[in-house]
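Nothing here was measured: the structure is a model prediction, and the numbers come from that model. Along the sequence shown, residues are numbered consecutively beginning with 1.
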Amino acid sequence: MGERIDFRDGRWVVPDHPIIPFIEGDGTGPDIWRAARRVFDAAVDKAARGKRRVEWLEVLAGEKAFKQTGSWLPDATLDSIRAHRVAIKGPLTTPVGGGIRSLNVTLRQLLDLYACIRPVRYFEGVPSPMREPQRLDVVIFRENIEDVYSGVEYRAGSGEADALIGFLAERFGAKIRPGSAIGIKPMSKFGSQRLVVKAIQYALRAGRRSVTLVHKGNIMKFTEGGFREWGYEVAKERFGDKTITEDETGKGKAENGKVIMKDRITDAMFAQLVLRPDEYSVIAAPNLNGDLLSDAAAAQVGGLGLAPGGNVGDGYAVFEATHGTAPKYAGLDKVNPGSVILSGAMMFEELGWTDVAEAIVRGLGGAIRSRRVTYDLARQMAGATEVSTSQFAAGIIEHV
């Protein structure tokens, strides 16, 4: 009989038989979830020798939820995740240009999962456009609630947009072309600083050398510039004895194992990740910057098929595949399950089951080196054998 995970004094309290809700996802979601679940159960069994196990609890969201309940995100699903605190999900459908809002964004906002955590690392043998992809090993902390993802925007020509344009022009002299669509970019000191705190805490815990604040403060001086200013401020206030600024290191002050605080303009950061990736260890960024950087960094090490992600707040977390639903491949047992599998490894690491996380990563690495991989990898790897989603999962389990 499973038990619920708890959260006390800033720490997860995890029983030996935790109940973990899962959302299969849309499109290829069921295919990759079936494969991932087999890998998770095998890794837990191997690492814990039968002393621990996960009780998986299905909850509904997306197309499956809509067909069964008439709601894309039923209240029962949110209630279950709140009750059990930690969940994992496959990709969910979001129409472009209209219809329902992003279910992923909605989950993050309703559960206040303010940190989107995206580790990006290279697995030996994965095809990459880079000469030395192994030089990139970075963990990106993206603010998950604010910025242009806050959902405050109005269609071009709508009464709301026209009224807002009129107000800004009359009250503040703003020059905005009539008939424009309007979006609001809120960024707060509170939201920015709690994200930076989480990034610094991770760097200290994981022994990572630096945290880089990525912003476009040279143009957006009070939003993105505020993120930079607030980030340095909280580093000094909360971690003054454990951090040092990049400027201070240049003035000869000893690092003595301290985390170096850096900042980079967003466009320059893209270039730096390509040209000097090993100079960056942990990145903290506002919502849009973090989203763009995460996918660009993943492309350097082989793409989103092996890019995990976790959305973490204070006492709640949802881990997820970072790619889309790929509906044309739904039910074909074809696509790479690596993203949701590595997201599961992140989940187990967050919960303190590091032996399970290491077993999953070891198994995936071994399966890739064996060159028996799904089509997305096989078509780029000389001498590789293409296998199905389920066969790839079996290969991972073999190497656990």
Using the rule side chain to side chain contact (heavy atoms under 4.5 Å, CB included), only one of E55, M347, H84 pairs with I20; which is it?
M347
Heavy atoms, side chains only, cut-off 4.5 Å: are R371 and R369 in contact?
no
Cation-pi, F190 ring and R194 (6.0 angstrom, 45 degrees)
no
Hey, do the aromatic rings of F222 and F227 have their centres closer than 6.0 Å?
no
Among Q193, E229, K189, find the one that has a side chain to side chain contact (heavy atoms under 4.5 Å, CB included) with V234.
Q193
Any donor-acceptor N/O pair, Q109 side chain to Y149 backbone, under 3.5 Å:
yes
Please report the closest heavy-atom contact between R208 and V138, naming both atoms and the distance.
NH1-CA, 4.0 Å
Per the side chain to side chain contact (heavy atoms under 4.5 Å, CB included) rule, which among M381, Q380, E386 passes with V373?
M381
Min side-chain heavy-atom separation T245-K258 under 4.5 Å
no
Looking at N336 and D376, what are the two nearest heavy atoms and their distance?
ND2-OD2, 3.1 Å
Charged tip of K89 within 45° of F319 ring normal and under 6.0 Å:
no
Taking P277 as the fixed residue, which of R135, Q134, E132 is the one that meets the side chain to side chain contact (heavy atoms under 4.5 Å, CB included) rule?
R135
Give the minimum heavy-atom separation between E24 and P30, together with the two atoms involved.
OE1-CG, 3.7 Å
What distance separates K334 NZ from T374 OG1, expressed to the nearest 0.5 Å?
9.0 Å
If hydrophobic residues (ILVMFWY) are linked whenever their side-chain heavy atoms come closer than 4.5 Å, directly or via other members, who joins Y154 in its cluster?
V152, L164, I165, F167, L168, F172, I176, I182, I184
Please check: side-chain N/O of T77 versus main-chain N/O of L60, any donor-acceptor pairing under 3.5 Å?
yes
Within 45° cone of Y280 ring axis and under 6.0 Å: K262 NZ or CZ:
yes
Below 4.0 angstrom, N of the basic side chain to O of the carboxylate: do D16 and R52 qualify?
no
Check the angle between the aromatic planes of Y329 and Y375 and answer parallel, tilted or perpendicular using the 30° and 60° thresholds.
tilted
F7: partners by ring pair (Phe, Tyr, Trp, His ring centres under 6.0 Å), with sequence neighbours left out:
W12
Six-ring centre of F141, R118 cation under 6.0 angstrom, axis tolerance 45°:
no
Work out which heavy atom in T322 is nearest to a heavy atom in G309; give both atom names and the distance.
CG2-N, 3.7 Å
